[in-house]
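If you're wondering where the values come from, they're calculated on a predicted model, not measured in any experiment.
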Amino acid sequence: ETGLRFGSALGIFWSRRGYLREGSLWLERLLTHAKDSSPGLRAKTMAPAGWLAFAQGNFEQARLLDDECLTLFRQVGDKPGMVDALNQRGQLALFQNDFPHAGACFGESLAICEELDLRLERAWPLLFQGQVALFMLQWNQQAKVLCQESLTLFSELDDKTRQAHAHIILGEGAHY
């Protein structure tokens, strides 16, 4: 279990520093050897494993990890974990052009954020719902408002990278 804790904590490091393969190998080993660990801890380790698989283009592995991660978070009732898992699963669906599934994931994520009053965490599902509308050629005033709200939240977080992402979606929407 100590290894799972370290592995889940190092997921961001491996992702941001480009150690995708190394991180994937460590997380795979940890998850294989700790099958009897608590479901919540396994889910927290599967989340970065799914993201690293996605970042390497291993979409089938990412889907399997994301689905099991979400199932485990649901099982233990970890709603903030569900928000992250739903956003991650939705991003994969969005990337694979499964817009209805992506929209459902982001909608459920947003509903949980609103239920728990997770104000700043709402930024991602808001932006992604706007992006789904854009990709489904259904860009409208509501989609624009969602993206503008996400931009405001990312500004409050002083997250320039995600602000840029919101500006890109808003720009593509304006072009559409």
Side-chain angles (χ1 to χ4, degrees), residues 1-17 19-20 22-56 58-96 98-132 146 149-150 153-154 156-157 159 161-162 165-166:
E1 290 198 356
T2 301
L4 291 178
R5 290 184 210 295
F6 276 112
S8 65
L10 285 168
I12 293 172
F13 167 78
W14 286 319
S15 178
R16 292 203 177 149
R17 296 292 183 212
Y19 299 118
L20 307 178
E22 177 182 336
S24 291
L25 289 173
W26 276 109
L27 293 172
E28 181 181 324
R29 286 181 197 140
L30 289 166
L31 289 166
T32 299
H33 293 316
K35 290 187 185 224
D36 296 328
S37 302
S38 72
L41 185 54
R42 285 185 60 74
K44 288 179 182 176
T45 306
M46 281 181 189
W51 179 253
L52 291 171
F54 174 81
Q56 293 175 83
N58 189 345
F59 304 133
E60 184 59 28
Q61 180 68 11
R63 186 189 58 76
L64 292 171
L65 287 163
D66 291 348
D67 287 349
E68 187 173 352
C69 176
L70 179 57
T71 298
L72 291 172
F73 278 135
R74 286 187 200 282
Q75 180 183 331
V76 299
D78 182 339
K79 290 190 176 186
M82 289 168 53
V83 167
D84 291 338
L86 285 161
N87 288 341
Q88 191 163 306
R89 185 61 184 96
Q91 283 181 289
L92 179 60
L94 190 65
F95 193 81
Q96 294 181 308
D98 185 354
F99 305 128
H101 184 67
C105 288
F106 300 136
E108 185 179 352
S109 173
L110 186 57
I112 295 169
C113 287
E114 290 171 355
E115 172 191 341
L116 300 178
D117 198 27
L118 301 174
R119 189 174 161 282
L120 296 175
E121 289 83 350
R122 296 175 71 241
W124 272 119
L126 287 168
L127 179 64
F128 289 139
Q129 281 189 320
Q131 193 169 15
V132 167
L146 294 173
E149 185 177 348
S150 75
L153 293 170
F154 288 136
E156 288 179 30
L157 291 167
D159 188 330
T161 300
R162 291 181 174 100
H165 191 121

To the nearest 0.5 Å, what is the distance between [atom1] ([X]) and [atom2] ([Y])?
X	Y	atom1	atom2	result
Leu120	Leu157	CG	CG	4.5 Å
Leu70	Leu86	CG	CG	5.0 Å
Gln88	Leu65	CD	CG	9.0 Å
Leu118	Leu110	CG	CG	10.5 Å
Asp66	Asp84	CG	CG	11.0 Å
Leu153	Asp159	CG	CG	11.5 Å

For [X] versus [Y], what's the shortest heavy-atom pair and its separation?
X	Y	result
Gly3	Leu30	O-CD1, 3.2 Å
Leu52	Gly23	CD1-C, 3.7 Å
Leu4	Ala34	CD1-CB, 3.6 Å
Ser150	Leu126	CB-CB, 4.0 Å
Leu116	Pro80	CD1-CD, 4.0 Å
Gly7	Pro48	O-CG, 4.5 Å

(Q) Ser109: which residues meet the side chain to side chain donor-acceptor pair (under 3.5 Å) condition with it, sequence neighbours left out? (A)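 Ser109: side chain to side chain donor-acceptor pair (under 3.5 Å) contacts with Asn87.
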Q: For the pair Glu108 (side chain) and Ala104 (backbone), establish whether a donor and an acceptor sit closer than 3.5 Å, ignoring hydrogens and angles.
A: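 No, the answer is negative, given that no donor and acceptor are paired below the 3.5 Å cut-off.
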Q: Any pair with a residue in residues 23-44 that passes salt bridge (Lys or Arg N to Asp or Glu O under 4.0 Å), sequence neighbours left out, goes on the list, sorted by first then second residue, please.
A: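 Passing the test, one end in residues 23-44: no pairs.
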Q. Taking only residues at least two apart or on different chains, which pairs with a member in residues 111-124 satisfy salt bridge (Lys or Arg N to Asp or Glu O under 4.0 Å)?
A.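 Counting only pairs at least two positions apart or across chains, the salt bridge (Lys or Arg N to Asp or Glu O under 4.0 Å) contacts touching residues 111-124 are Lys79-Glu115, Glu114-Arg122, Arg119-Glu156, Arg122-Glu149.
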Applying side chain to side chain contact (heavy atoms under 4.5 Å, CB included), can you list everything that pairs with [X], at least two apart in sequence or on another chain?
X	value
Gln131	Leu94, Phe128, Phe135, His165, Ile169
Phe95	Phe54, Phe59
Cys69	Ala43, Met46, Ala47, Phe73, Ala85
Ala93	Arg89, Asp98, His101, Ala102

(Q) Going by side chain to side chain donor-acceptor pair (under 3.5 Å), name the pairs with one or both residues in residues 4-15, residues two or more places apart or in two chains. (A)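 Checked against side chain to side chain donor-acceptor pair (under 3.5 Å) - neighbours excluded - the pairs reaching residues 4-15 are Ser15-Trp51.
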Q: List for me each residue that meets ring pair (Phe, Tyr, Trp, His ring centres under 6.0 Å) alongside Phe154, sequence neighbours excluded, and say none if there are none.
A: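 Phe154: ring pair (Phe, Tyr, Trp, His ring centres under 6.0 Å) contacts with Trp124.
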Q: Kindly write out the residues that satisfy ring pair (Phe, Tyr, Trp, His ring centres under 6.0 Å) with Tyr19, not counting sequence neighbours, or none if the list is empty.
A: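 Per chain and number, Tyr19 pairs via ring pair (Phe, Tyr, Trp, His ring centres under 6.0 Å) with Phe13.
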**Q.** Which residues share a salt bridge (charged side-chain N to carboxylate O under 4.0 Å, His left out) with Arg63, sequence neighbours left out
**A.**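 Salt bridge (charged side-chain N to carboxylate O under 4.0 Å, His left out) list for Arg63, sorted by chain: Glu60, Asp67.
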Q) By salt bridge (charged side-chain N to carboxylate O under 4.0 Å, His left out), which residues pair with Glu68, not counting sequence neighbours? A)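 Scan of Glu68 (salt bridge (charged side-chain N to carboxylate O under 4.0 Å, His left out), adjacent residues dropped) gives none.
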Q: Mark yes when over 12 heavy atoms from residues, nucleotides or ligands other than Ile12 sit less than 6.0 Å from its CD1; otherwise mark no.
A: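 Not buried by this count: 12 neighbours or fewer within 6.0 Å.
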Q) So, do Phe106 and Val132 sit near enough that their side-chain heavy atoms are less than 4.5 Å apart? A)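 Contact flag for Phe106/Val132 side chains = yes.
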